[in-house]
Structures are given as C-alpha cells and as structure tokens.
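Every chain is numbered from 1 and lettered A, B, ... according to where its sequence line falls, protein lines coming before strand lines.
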Amino acid sequence: MMHKNFVEELRWRGMIHDLTPGTEEQLSNEMTTAYVGIDPTADSLHIGHLVGIMMLKHLQMAGHRPLALIGGATGMIGDPSGKSQERNLLDEATLRHNQECLKLQLAKFLDFKTEAPNKAALVNNYDWMKSFSFLDFIREIGKHITVNYMMSKDSVKKRLTAENATGMSFTEFTYQLVQGYDFLHLHQHENCKLQMGGSDQWGNITTGTELIRRKLGSEAKAFALTCPLITKADGGKFGKTESGNIWLDPEKTTPYAFYQFWLNCSDEDAAKYIKIFTLMTRQEIEKLEQEHQQAPHQRQLQKALAQEITIRVHGEEALQLAEEASQILFGKGTTDALRKLDEKTLLSVFEGVPSVEISRDIITETADIIEFLTTHTAIFPSKGEARRMLKDNGVSLNKEKVKDDLQVGTADLLNNKYILVQKGKKNYYLVRVV
RNA sequence: GGGGGAGUACCAGAGCGGUCAAAUGGGGCAGACUGUAAAUCUGUUGGCGCAGCCUUCGGAGGUUCGAAUCCUCCCUCCCCCA
C-alpha cells in the first residue's frame, strides 16, 4: 500500500533539510500519521504555507496520513526564532472562521473525503490548550523538560546572546514547550509519529520528540523531518512582493497576479520551485530543464510552474484568463490590438488588474496627465512621484509612453470607456469612465 | 531598587547649534540592456503651486536670531549590578 518512498521523493525534490534517525524505517514499516503546523493568523493561506502543504500532499500520496494542525493556541504566542513578534489573541469566532477558510483551501491539495484510512484531517491545538490550566501544564508537561534543554535551542540562544539582544519574554520562551505538547497530544490521540516543518522549526519539533520520549518512555516513537527554508536566488524573501503576501484567496490576490508571480521567477528559482510546488515527475522536470537551457527566452520552466499551481489553486478557467491577460499586456500587444478588443473581452482579460472609476467630465474637459494620475485616479500617491516617473519615461497610456505635458482626452478612450494605465513595465491599472 | 546606554526617513546607521529634507549602505521604484529572468550600469526615493515654500529626527515644553543637535519633564527599549 506504500505507493512511493516518501523520503526519497522529497529528497530529489530538494525538500529535505534534516530528519531524525529512524524516520525512513518508520515510514516504510507502516502507514504513519504526520503533521505540519499552520498559523491561523488570516482567513487565507499564502504561498509561504505551500511548502508544508506540499509535504503533506506527498505524504498522503505515499499512502500515509496527513494532519494539518491549526495553531490556534501557539499562533497567539509567537515563536521566538525571530521575525514574528508576540501575537495578539484572536477571539474564538475569528479563529473558527479562519480555520474553516483554511480548510477549504487545504482541500485543494489534500484529500479530506476519501474512504481510505489515510484520509487527511484538520486539528486545532486551541481545542486542547484552551482548558489546560497553567498549573496542570507545568505539573504534567513542564517538569519533563529542563530549562537547560530549552535554553540550548538556537532560537533561544540567539535571543539571549545576540549582539543586539532584545530580550525574550517568558511567554516566548514557553513557546517550544507548548508546541512540543501538541506533538505529544497528537501522538497520544491520533497516533501521530512525525512532525514536519521548515528547518527553522527543528528546535521546536525536537522539543516535542524529546517530551514524548521522556514522558512516555523510550519505546515511544516520534520523529522529525524538516525542509529547507525557501529562498530566492537574489536573497530576497520568498513569497513577498511590493504589494505584500501572495495569497491563495482570489479576493486577496487575483488569479492573474498569482499566475504572474510564478511566471516572474528567475531561472534559478523556477528550477528549484518547480520541484517543490508541482507534482511533475522527475523525468518531466528534467526534460523541461533541458528545453529551458536550449531556449531560455521561452521560459518553459516558469510557464509550467505557473500553470500547474494556478490550476490547482484557481482552476482551469482562471488560468486561461490569466494567460490571455498576460499575452495582451506583455506579448507583442500594441495599442492597435488593444483598441480592437471588444468590451467584454477587455473586461474579462483585465479582471485581475486593479481598476479605478472616474467621472466622464474629467475626460471631456481634457485633464492634465499629472492631475489624472494623482487626484483623479490615485494611481500615484503624490504629484512629485508622478512627475518623476513621467520624466523617467515610466508611464504609458494604452501601451504608449507618454510625456508630462499630455492632456488626457476622449481620444484616449478604449471602447469609449476605458484607459489602460501602465506604471513601469508590470503595473497596470484600468481606468473606467462613468 | 541602583548605575549606564539608546530612540533619526522603509530598514540599518551618521550627524551633536546655522552650510541638514538630513552623509553612507541596504531595500524600493523607474530607465537602459534582455527573455515579463539574472547580472550590470544610470536615475530616483517627505509634500507642494518644485531655482521657492511647507511638514519631519520618540512625545510635550523651554533656551536661542536660529535646534535633529543644548536644557526640563514624560514615554519606550536595551545593558550591567542588586
């Protein structure tokens, strides 16, 4: 019933950073339950969550049982390992709402419905932490782990010894123990034997395995597996753009923007990401890489990557629209091509492009381009910036560069109703005259 | 509780009475080159009616012709000792 060797699969995909001894044996011996934690800080996943989810996906495909753990409790504390500050408490209603939304998105990757024994499940540590009293916690859990052990974790050491040490609250210090307890709880209630996560979670995960070993004895089996943190070749943070996170929720990140994100990856990143974020086989990927090398300008890797993820998250139809829009905006498209589009096509193509409405008088009166870009449409936050960008040759109307002395008039309208404004090469805005 | 240090633009970090809208680096944005890539080079990075003016250097007052720079109080953070 084990279709594939899970660890082997992750290994060639470059998704293994570290694992505890015996992990592979455990996975080849029996169907194993494993989990990945997700913070429910928003009502949508973003692509930073995708690595963990893909690990669960491969796990399930290999015949094992995936658990997605919503960190309702831990998410309120904040991991001391850096970036995240201590967080605020979410009220329970918000937490449950987020949980439901996340589950719908997870269902695009994991099978929560199958009759097979390895059906995916969603759990929330708030459910078992909320009524766990402090006193009970320190008596039952805290006494099994020494402070010395906890202090030896990198995440903690860094906070204590760093040059610019900012101190660490008791709450943050406790984080690893609370997370460790999750593993113990799942071990006892769900027969969960493996926790997975990013390599920054190694310390927290091993606190869990250690807690299980000390509390349940050395015959209790608990393993850890981490994947490397996803990076960009240029050192930037993965998954962020100037406009923020890339979300899976089409309301937060349009399918067009989502598709564009992947299409825009550098060659180096695309080769790495395609292994992590798609299910293409090794042969398929190697073939693509060869094709890419022979004709790099065609960007086969980026296209394949963008296609597969966009379909999985947003569906076939959304992908098609995103591709069409990209073709018109970035292809050989000219003003003429734009003018030929009928209104319906134009609207569907630009669905994912931010749009602004302005009143018709502004155009019939003919508007100064700077006024048009700032006060009327708010495409630029300040006139100075608009002026600067115009001087730098960075603004186009309907795909034609414009100068700062232009008067915008009805002649610039597409379908007598729209103007396509372009800020730089990649930022489009559809201005709609009403 | 005692002693010391720090808070400057997106971040890091200079400046310590006028020449400061504030060095430098990073980041961002744009342009050139390209393949909607990377690297590189260039420009730009508070606002406006832009050779001028207005609002900024934790907060509130004060000294001075003039303060990011000096004084007072407050807030926040860090370090060391107890």
Worksheet item: How does protein reach along nucleotides 41-48 of chain B, written 5' to 3' as B (base within reach of a heavy atom under 4.0 Å), S (only sugar-phosphate), or - (no contact)?
Response: --BSS-SS
Worksheet entry | Contacts of A:Lys108 that satisfy side-chain hydrogen bond (donor to acceptor under 3.5 Å, both in side chains) - sequence neighbours left out | none
Pairs under 3.5 angstrom, nitrogen or oxygen only, protein versus nucleotides 34-36 of chain B, please.
from: B:U34; atom 1: O4; to: A:Lys425; atom 2: NZ; distance (Å): 2.6
from: B:G35; atom 1: O6; to: A:Asp267; atom 2: OD2; distance (Å): 3.3
from: B:G35; atom 1: N1; to: A:Asp267; atom 2: OD1; distance (Å): 3.1
from: B:G35; atom 1: N1; to: A:Asp267; atom 2: OD2; distance (Å): 2.8
from: B:G35; atom 1: N2; to: A:Asp267; atom 2: OD1; distance (Å): 2.6
from: B:G35; atom 1: N2; to: A:Gln302; atom 2: NE2; distance (Å): 3.4
from: B:U36; atom 1: O2'; to: A:Asn264; atom 2: OD1; distance (Å): 2.5
from: B:U36; atom 1: O2; to: A:Gln260; atom 2: OE1; distance (Å): 2.8
from: B:U36; atom 1: O2; to: A:Asn264; atom 2: ND2; distance (Å): 3.4
from: B:U36; atom 1: N3; to: A:Gln260; atom 2: OE1; distance (Å): 3.0
from: B:U36; atom 1: N3; to: A:Gln260; atom 2: NE2; distance (Å): 3.1
from: B:U36; atom 1: O4; to: A:Gln260; atom 2: NE2; distance (Å): 3.3

Check the distance between [N]'s [atom2] and [X]'s [atom1] and give it to me in whole angstrom.
X: A:Met389; N: B:A32; atom1: CE; atom2: P; result: 13 Å
X: A:Ile379; N: B:C29; atom1: CD1; atom2: C1'; result: 16 Å
X: A:Glu268; N: B:A39; atom1: CD; atom2: C1'; result: 11 Å
X: A:Leu390; N: B:C29; atom1: CG; atom2: P; result: 18 Å
X: A:Asp404; N: B:G31; atom1: CG; atom2: P; result: 16 Å

Between [N] and [M], how far apart are the two [atom1] atoms, rounded to whole Å?
N: B:C74; M: B:G1; atom1: P; result: 14 Å
N: B:G46; M: B:A68; atom1: C1'; result: 16 Å
N: B:A22; M: B:U44; atom1: P; result: 13 Å
N: B:G28; M: B:U19; atom1: P; result: 33 Å
N: B:A60; M: B:A67; atom1: C1'; result: 16 Å
N: B:G59; M: B:C65; atom1: P; result: 25 Å
N: B:C73; M: B:G5; atom1: P; result: 16 Å
N: B:G15; M: B:A9; atom1: P; result: 16 Å

Can you confirm if the NZ or CZ of [X] lies within 45° of the ring axis of [Y] and under 6.0 Å from the centre of its six-membered ring?
X: A:Arg214; Y: A:Tyr149; answer: yes
X: A:Lys103; Y: A:Phe112; answer: yes
X: A:Lys423; Y: A:Phe380; answer: yes

Indicate yes or no for a side-chain donor-acceptor contact from [X] to the backbone of [Y] under 3.5 Å, with no hydrogens or angles considered.
X: A:Gln60; Y: A:Asp111; result: yes
X: A:Thr207; Y: A:Gly203; result: yes
X: A:Gln422; Y: A:Val395; result: no

Item to complete: Go through A:Arg96 and A:Asp127 one step at a time and tell me if the salt bridge (charged side-chain N to carboxylate O under 4.0 Å, His left out) criterion holds.
Response: CA-CA 11 Å; A:Arg96 294 305 176 195; A:Asp127 290 326; 2.6 Å; yes
Item to complete: Go ahead and write out RNA chain B as dot-bracket, 5' to 3': ( ) for pairs within the strand, [ ] for ones crossing earlier pairs, | when the partner sits on another strand, dots for unpaired; Watson-Crick or G-U wobble, both distances under 3.5 Å.
Response: ((((((((.[[[..)..(.....]]]((((((.......))))))(((...)))...[[[[[..)....]]]]]))))))).
Discussion item. Hydrogens and angles aside, do A:Asn204 and A:Gln176 bring a side-chain donor and acceptor to less than 3.5 Å of each other?
Written reply: no
Discussion item. A:Tyr273: which residues meet the ring pair (Phe, Tyr, Trp, His ring centres under 6.0 Å) condition with it, sequence neighbours left out?
Written reply: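 For A:Tyr273 the ring pair (Phe, Tyr, Trp, His ring centres under 6.0 Å) partners, ignoring immediate neighbours, are A:Phe238, A:Phe277.
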Worksheet item: Using a cut-off of 4.0 Å on non-hydrogen atoms, how would the nucleic acid contact of A:Lys401 be classed: base, sugar-phosphate, or nothing?
Response: sugar-phosphate
Discussion item. Just N and O in the side chain of A:Asn427: are any of them under 4.0 Å from OP1 or OP2 of B:A30?
Written reply: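 Answer is yes, contact under 4.0 Å.
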Please list every donor-acceptor pair under 3.5 Å in which a side-chain atom of residues 406-416 of chain A meets a protein atom from a residue at least two apart or in another chain.
from: A:Asp412; atom 1: OD2; to: A:Gly409; atom 2: N; distance (Å): 3.0
from: A:Asn415; atom 1: ND2; to: A:Leu341; atom 2: O; distance (Å): 3.0
from: A:Asn416; atom 1: OD1; to: A:Arg360; atom 2: NH2; distance (Å): 3.2

Worksheet item: Between A:Glu291 and A:Lys287, is there a side-chain N and carboxylate O pair less than 4.0 Å apart?
Response: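 Judged by the 4.0 Å cut-off on N to carboxylate O distance, A:Glu291 and A:Lys287 do form a salt bridge.
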